[in-house]
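When reading the values below, keep in mind they use all heavy atoms of this one structure, side chains included, and skip hydrogens, waters and symmetry mates.
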Amino acid sequence: MRSAPARPAPPLNLDSDADLLRMIQTDDPAEIEALLCSAHAVRRRHYGDGVYFRGLIEFTNYCKNDCYYCGIRRGNAKLARYRLSRSQILECCRQGSALGYRTFVLQGGEDPHCTDAWMEPLVRAIRAEFPHHAITLSLGERSRASYERLFRAGADRYLLRHETADEAHYGRLHPASMRLRARKQCLFALREIGYQVGAGFMVGSPFQTAAELLRDLRFLQELQPQMVGIGPFIPQADTPFGRCPGGTLTMTLKMVALSRLLLPTALIPATTALGTIAPDGRERGLLAGANVVMPNLSPRRVRKQYALYDNKICTGDEAAECRACLEARIRRCGLTPDLSRGDCADRRPV
Ligand code: SAH
């Protein structure tokens with residue numbers, strides 16, 4: 001097991017923008033290593049060695065939005081679209097529960113078919129069959145009334161990455177119809193309603209600079225989400241950014257680590273995107289402050305079609321193989337798979 005660093009943590013004042021910018025920009029391997037180690041130590045202090053599992057069900061790749069980076073954008077005419085039926089989604093949940101997962105994440109594009117009238121019975125059915133599991137939704141921007149209705153139906157958590165906390169940068173990644181302000185309003189509404197909320201951003205998205213990354217960190221501090229999803233931007237060939245360079249492993253690890261230091265009790269996944277840009281990307285994430293993995297529970301035949309970015313990993317594996325593979329990776333890091341619900345350390349029932 002890797003223990004806390006022998007040398008002292010870097011003299012990093014988290015209140016200082018200049019210090020954070022320096023850390024975001026440094027190439028010094030010793031400084032970076034010290035940052036990752038101190039993030040790992042903070043994670044261990046709050047969560048020990050456990051790594052939580054979230055069974056991910058990518059249930060629709062229809063989307064009404066046209067985000068320039070995303071492979072399931074409306075404008076991608078090459079993509080074959082699919083939507084799982086409610087009974088297929090329930091079947092995925094059963095499979096996930098049998099594998100020991102206690103959280104289901106239902107994620108999709110902003111599919112106009114998935115109205116409240118369609119979603120609510122689904123959430124109720126999952127809640128009725130799995131009273132003690134956590135139900136996480138990731139359905140994009142909806143009205144406050146919709147979030148409330150799905151919360152009452154039994155959903156516990158909601159993932160909605162802010163993508164970038166800088167207004168101008170947001171405008172360069174999205175069509176004019178999409179506004180950062182609207183996204184932030186959704187996040188604050190979700191929090192007020194009582195969801196455990198996940199925000200987050202892509203690292204290395206086109207036009208991003210250190211200044212934007214700093215704003216992302218400061219926004220996380222303002223929102224205080226229970227979950228933070230951070231992954232590298234990876235180009236998808238059939239999007240306007242298909243020929244842009246992707247985010248790097250080192251920068252993504254630094255942002256995971258800084259997020260851990262700023263939000264010590266957050267649940268932070270070692271993302272599939274991180275595992276896509278480096279064979280040991282997820283392990284490196286778990287040793288830099290991350291404490292969650294998200295094995296895929298979607299039926300194998302639709303996996304490739306949830307094509308957010310190119311070369312996505314785990315599209316050929318059965319759900320059980322994903323679990324075994326992730327468990328082995330976690331153990332190789334000296335960490336321990338934890339199949340409990342994995343609520344945020346500041347939200348556990350007393
Ligand atoms: N419609 C939902 C889910 C979006 S897909 C929502 O709006 O929240 C989930 C996440 O994948 C996005 O939030 C985005 O951060 C990430 N993503 C999309 N395209 C990507 C790309 N090309 N590279 C890396 N991550 C990407």
#### Entry: For the student: nearest non-hydrogen atoms of Leu173 and Pro206, plus distance
CD2-O, 3.6 Å
### Task
Verify, without hydrogens or angle tests, whether Asp19 (side chain) and Leu14 (backbone) share a donor-acceptor contact under 3.5 angstrom.
no
#### Entry: Leu308 with Tyr62, same ILVMFWY side-chain cluster at under 4.5 Å
no
## Note on the structure
Nearest heavy-atom contact between Leu263 and Gln221 is CD2-CA, 4.5 Å
### Query
Between Glu222 and Lys184, is there a side-chain N and carboxylate O pair less than 4.0 Å apart?
no
### Message
Test: ring pair (Phe, Tyr, Trp, His ring centres under 6.0 Å). Region: residues 197-218. Which pairs qualify, not counting sequence neighbours?
### Response
His162-Phe201
### Query
Taking all atoms of both residues into account, what is the closest heavy-atom pair of Cys314 and Arg303, and its distance?
O-NH1, 2.7 Å
### Task
Report the residues that fulfil ring pair (Phe, Tyr, Trp, His ring centres under 6.0 Å) with Tyr101, sequence neighbours left out, ordered by chain and then residue number.
Phe53
### Query
Could you state the interatomic distance from CD1 (Ile230) to NZ (Lys254), rounded to the nearest 0.5 Å?
13.0 Å
### Query
Does atom NE2 of His113 have more than 12 heavy-atom neighbours from other groups under 6.0 Å away?
yes
### Message
One thing to verify: whether Arg157 and Asp343 come together as a salt bridge, which I'm taking to mean a side-chain N less than 4.0 angstrom from a carboxylate O.
### Response
yes
## Note on the structure
OH of Tyr47 to CD1 of Ile268, rounded to nearest 0.5 Å, is 8.5 Å
### Task
Could you check Leu297, Asn296, Val292 and say which one makes a side chain to side chain contact (heavy atoms under 4.5 Å, CB included) with Met294?
Val292
### Task
Could you list the residues that satisfy ring pair (Phe, Tyr, Trp, His ring centres under 6.0 Å) with Tyr170, not counting sequence neighbours?
His174
### Task
Would you tell me whether Glu31 and Thr26 have side-chain atoms, one donor and one acceptor, within less than 3.5 Å of each other?
yes
### Task
Using only heavy-atom distances, determine whether the side chains of Thr164 and Asp166 contain a donor-acceptor pair under 3.5 Å.
no
### Message
One pair to check against side chain to side chain donor-acceptor pair (under 3.5 Å): Thr248 and Thr250. What are the steps and the verdict?
### Response
CA-CA 6 Å; Thr248 65; Thr250 304; 5.2 Å; no
### SB check Arg215 Glu212 (cutoff 4.0 Å)
no
### Query
With a cut-off of 6.0 Å (strictly less than), are more than 12 heavy atoms of other residues, nucleotides or ligands near CZ of Arg172?
no
### Query
Is the shortest heavy-atom distance from the side chain of Leu35 to the side chain of Leu258 under 4.5 Å?
yes
### Query
For Tyr147, what residues pass the ring pair (Phe, Tyr, Trp, His ring centres under 6.0 Å) criterion, not counting sequence neighbours?
Tyr158
### Query
Which heavy-atom pair separates Val123 from Leu150 by the least distance, and what is that distance?
CG1-O, 3.9 Å
### Task
Could I get the full list of side-chain contact (heavy atoms from CB on, under 4.5 Å) partners for Glu192, not counting sequence neighbours?
Arg144
## Note on the structure
Sorted by chain and number, sequence neighbours left out, ring pair (Phe, Tyr, Trp, His ring centres under 6.0 Å) with His169 holds for none
### Query
Would you call Arg142 and Asp116 a salt bridge, using N to O less than 4.0 angstrom?
yes
### Query
Do Thr276 and Asn311 get their side chains close enough for a donor-acceptor pair, meaning under 3.5 Å?
no
